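Below: the structure, in structure tokens.
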Amino acid sequence: MAKSIASRAENYSQWYVDIIKKAKLAEHSAVRGSMVIRPYGFAIWENIRDQLDRMFKETGHVNAYFPLFIPKSFLSKEAAHVEGFAKECAVVTHYRLMNNPDGEGIVVDPEAKLEEELIVRPTSETIIWNSYRDWIKSYRDLPILINQWANVVRWEMRTRLFLRTAEFLWQEGHTAHATREEAIEEAERMQEVYATFAEQYMAMPVIRGTKSESERFAGALDTYTIEALMQDGKALQAGTSHFLGQNFAKAFDVKFSNEENQEEYVWATSWGVSTRLMGALIMTHSDDDGLVLPPRIAPIQVVIVPIPKPSEELDEVARQIMQDLKAAGITSQYDNDAKNRVGFKFAEHELRGIPVRIGLGMRDLENNQVEVARRDTKEKSFIPLDNLTSSLRTLLEEIQSNLFNKAVQFREEHTSRVDTMEEFESVLEDKGGFVYAHWDGSPETEEEIKNRTKATIRCIPLDAPEEEGVDLVSGKPSKRRVVFAKAY
RNA sequence: CGGGGUGUGGCGCAGUCCGGUUAGCGUACCGCGUUUGGGACGCGGGGGCCGCAGGUUCGAAUCCUGCCACCCCGACCA
């Protein structure tokens, strides 16, 4: 009996939810729009987090932690920023409950009203820049390169597991620099860190680019983004890095003395990725049989299934294999459950996306070999026990690159170049994906295209060559193509 | 906030229109046995204030009123 995951073709969003639930990554909680991340899902997130954390540290950053609560007045200091977030803030107005004087239960104590309401952070620029004011006096105090791992709350109207939840986990880097150039360099560097991570670890190809003005982060002068393509042909913004100019320095009065002893405002960046990456991971590689994880992110890289069931002899062989794998830095698990049969276990481990499965049975052991099945292609082969560890190491690398190559191929098949509005609409209708088209740079064209097709400018790609063309809507001249897509 | 839908053992559902014994089915769970190289089978068992609060009635999962929650689609957004 199958575990009934909806197929992608029949109902894509149901398929997505089914994978998350059946693979026990997460589930809806008692709180609207907020999810419970289950141990297996959290283990994947920990791998994402740990690797990113290493990369942040390699690029000179340190971790710190700032408060969950932000005084209401802070948020309004930067005009564009408050404009962007005001509509989705959770607000703390009281600090005490009391027994309901009129009956059952407890009620908010009206006496315990806060003088100034506190906002549950939707992002931390304001509370952090308020601290930076005290920390930065001289050019010698710069740069400040801080990251924090935290939860934030954005009271979204419509939520989806991992992709958009009211509360989510993320990291947010907040850096302060003496010059414009240095800040821009930082923002670009972190975009590249994200892109490298996405491609090398998540096996998810991304387009590097900058956002159009209307898609920019609230308070940024420039937003650098990485954009990935999901299997339903929709784009997903997977990470952003913002050049904030001096907006927050001015809002929070953060000045430093330069080498000539002149006062200047500090230049800023901020950058973040969230548990949304989990959604990206799922939708990039998984299939109708369940989750597919790239080996570098998988919490368990190899699972060993005794056939037909655990026995002293098989347990001993498995123990030895696992010891060798551990020494080689490969994570493994032995499925010594005695209740379920192998067919059930195979399906279960495929559902969980474990990259490699070893079938350990007496028939093969007599031939000094094991059966090895890879999750990405479902292919099985027999590998001699003698060089099992090195074979598996090679196989895991091959799976990692195969997943990346498949995703690249999918993206190429779903990338189009169009020159007329008719083509644009028909391409979006037929196969979706990324559409490269000329744009005159006007918000009017963006708006018009969005209204007509629901597609938005995902980014102005960094590697776009100069090329003469005309805007799809206005017919005005354009120097380069930008990337359009329907997006999450 | 607009439109649609759903709340019944852990999960998935039937029953509700047309009120009537101890609320049922599948699955999961526990026990015993037989099985075991791709999602096993038999027998036995435990688990429900039918979303919440009122009301109608001899009697409510079912009818009425109010409330709450969640999901899906849209606008907003990482």
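Remember, predicted model here, so these are calculated numbers, not experimental data. Within every chain, numbering begins at 1; the chains are lettered A, B, ... in the order of the sequence lines, protein sequences first and strands thereafter.
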Open item on the list: Please give the distance between the P atoms of rC68(B) and rC52(B) as a whole number of Å.
Closed with: 15 Å
Open item on the list: According to side-chain hydrogen bond (donor to acceptor under 3.5 Å, both in side chains), does anything in residues 284-296 of chain A pair up with another residue at least two apart or in another chain? List the pairs.
Closed with: R8(A)-D288(A), D287(A)-R375(A), D289(A)-K378(A)
Task: Rounded interatomic separation in angstrom, taking CZ from R38(A) and C1' from rG10(B) - done: 10 Å
Do any N or O atoms of the protein come closer than 3.5 Å to N or O atoms of nucleotides 35-38 of chain B, and which pairs are they?
| from | atom 1 | to | atom 2 | distance (Å) |
| --- | --- | --- | --- | --- |
| rU35(B) | O2 | R341(A) | NH1 | 3.1 |
| rU36(B) | O4 | K309(A) | NZ | 2.5 |
| rG37(B) | N7 | R363(A) | NH2 | 3.3 |
| rG37(B) | O6 | M362(A) | N | 3.3 |
| rG37(B) | O6 | R363(A) | N | 2.6 |
| rG37(B) | N1 | D364(A) | OD2 | 3.1 |
| rG37(B) | N2 | D364(A) | OD2 | 2.7 |
| rG38(B) | N7 | K380(A) | NZ | 2.7 |
| rG38(B) | O6 | R357(A) | NH2 | 2.7 |
| rG38(B) | O6 | K380(A) | NZ | 3.3 |
| rG38(B) | N1 | E350(A) | OE2 | 2.8 |
| rG38(B) | N2 | E350(A) | OE1 | 2.8 |

Open item on the list: Can you tell whether the side chains of E199(A) and R208(A) come within less than 4.0 Å, N to carboxylate O?
Closed with: yes
- [ ] Answer yes or no: does a side-chain N or O of S13(A) lie under 4.0 Å from OP1 or OP2 of rC73(B)?
- [x] yes
TODO: Considering only atom P, compute the distance from rC73(B) to rU65(B) and round it to an integer number of Å.
DONE: 30 Å
Open item on the list: Can you measure E27(A) atom CD to rA69(B) atom P for me and round it to whole angstrom units?
Closed with: 20 Å
Open item on the list: Can you measure K21(A) atom NZ to rU27(B) atom C1' for me and round it to whole angstrom units?
Closed with: 17 Å
Open item on the list: With a 4.0 Å cut-off on N to O distance, would you call R374(A) and D376(A) a salt bridge?
Closed with: yes
TODO: Take atom CH2 of W155(A) and atom P of rA78(B), then tell me their distance rounded to the nearest Å.
DONE: 18 Å
Task: 5' precedence on RNA chain B between D289(A) and Q237(A) (nearest-nucleotide basis) - done: D289(A)
Open item on the list: Between rG44(B) and rC50(B), how far apart are the two C1' atoms, rounded to whole Å?
Closed with: 27 Å
Task: Sugar-phosphate, base or nothing in reach of L163(A), heavy atoms under 4.0 Å - done: base
TODO: Could you label the plane-to-plane angle of the F197(A) and Y201(A) rings as parallel, tilted or perpendicular, counting under 30° as parallel and over 60° as perpendicular?
DONE: parallel
- [ ] Indicate yes or no: does D315(A) engage R319(A) in a salt bridge with an N to O separation below 4.0 Å.
- [x] no
- [ ] State whether F434(A) and R458(A) meet the cation-pi test: NZ (Lys) or CZ (Arg) under 6.0 Å from the six-membered ring centroid, and within 45° of the perpendicular axis.
- [x] no
Task: Whether over 12 other heavy atoms sit under 6.0 Å from E83(A) CD - done: no
Task: Qualifying residue for ring-ring contact (aromatic ring centres under 6.0 Å, His included) with F217(A), from F248(A), F85(A), W271(A), Y224(A) - done: F85(A)
Task: For atom NZ of K22(A) and atom P of rG39(B), their distance in whole Å - done: 18 Å
TODO: Could you give the distance separating rC76(B) and rA60(B) at their P atoms, to the nearest angstrom?
DONE: 49 Å
- [ ] Pull out every residue in residues 267-287 of chain A that has a heavy atom closer than 4.0 Å to any atom of RNA chain B, ordered by number, or say none.
- [x] S274(A), R276(A)
Task: Atom pair distance, as rounded to whole Å: NE2 in H28(A) and C1' in rC11(B) - done: 14 Å
- [ ] Determine the interatomic distance between C1' on rU21(B) and the same-named atom on rG26(B); round to the nearest Å.
- [x] 25 Å
Open item on the list: If I pick the P atom on rC72(B) and the same atom on rC29(B), what distance separates them, to the nearest angstrom?
Closed with: 28 Å
- [ ] Please confirm whether R352(A) makes a cation-pi placement over Y40(A), using NZ or CZ under 6.0 Å from the six-membered ring centre and within 45° of the ring normal.
- [x] yes
Open item on the list: Closer than 4.0 angstrom, basic N to acidic O: yes or no for E192(A) and R189(A)?
Closed with: no
Task: Pairing of E348(A) and K22(A) as salt bridge, 4.0 angstrom limit - done: no
Open item on the list: Surrounding CD of E429(A) (heavy atoms of other residues, nucleotides or ligands, distance under 6.0 Å), is the total greater than 12?
Closed with: no
Open item on the list: What verdict does the side chain to side chain contact (heavy atoms under 4.5 Å, CB included) test give for V356(A) and L396(A), after you've listed the backbone C-alpha separation in whole Å, the side-chain angles of each residue and the deciding distance to 0.1 Å?
Closed with: CA-CA 8 Å; V356(A) 172; L396(A) 287 168; 3.7 Å; yes
Open item on the list: With the threshold set at under 4.0 Å for non-hydrogen atoms, list the residues of residues 216-224 of chain A touching RNA chain B in residue-number order.
Closed with: none
With the criterion being N/O to N/O and under 3.5 Å, what pairs connect the protein with nucleotides 74-76 of chain B, and how long is each?
| from | atom 1 | to | atom 2 | distance (Å) |
| --- | --- | --- | --- | --- |
| rC76(B) | O2 | E156(A) | OE1 | 3.4 |

- [ ] Using a 3.5 Å limit on both pairing distances, list the dot-bracket string of RNA chain B from the 5' end; Watson-Crick and G-U wobble pairs count, crossing pairs take [ ], interstrand pairs take |.
- [x] (((((((..((((......[...)))).((((((.....)))))).....(((((..]....))))))))))))....
Task: Residue pair S241(A) / E188(A), side-chain donor-acceptor N/O under 3.5 Å - done: no
TODO: Tell me, yes or no, whether the heavy-atom count around W149(A) atom CH2, taken from other residues, nucleotides or ligands under 6.0 Å, exceeds 12.
DONE: yes
Task: Distance between P atoms of rA14(B) and rG9(B) (Å, rounded) - done: 13 Å
Open item on the list: Rounding to an integer number of Å, can you tell me how far E348(A) CD sits from rA28(B) P?
Closed with: 11 Å
TODO: For rU36(B) and rG51(B), measure between their C1' atoms and round to the nearest Å.
DONE: 43 Å
Task: NZ or CZ of K234(A) within 45° of Y488(A) ring axis and under 6.0 Å - done: yes
Task: SB check R452(A) E425(A) (cutoff 4.0 Å) - done: yes
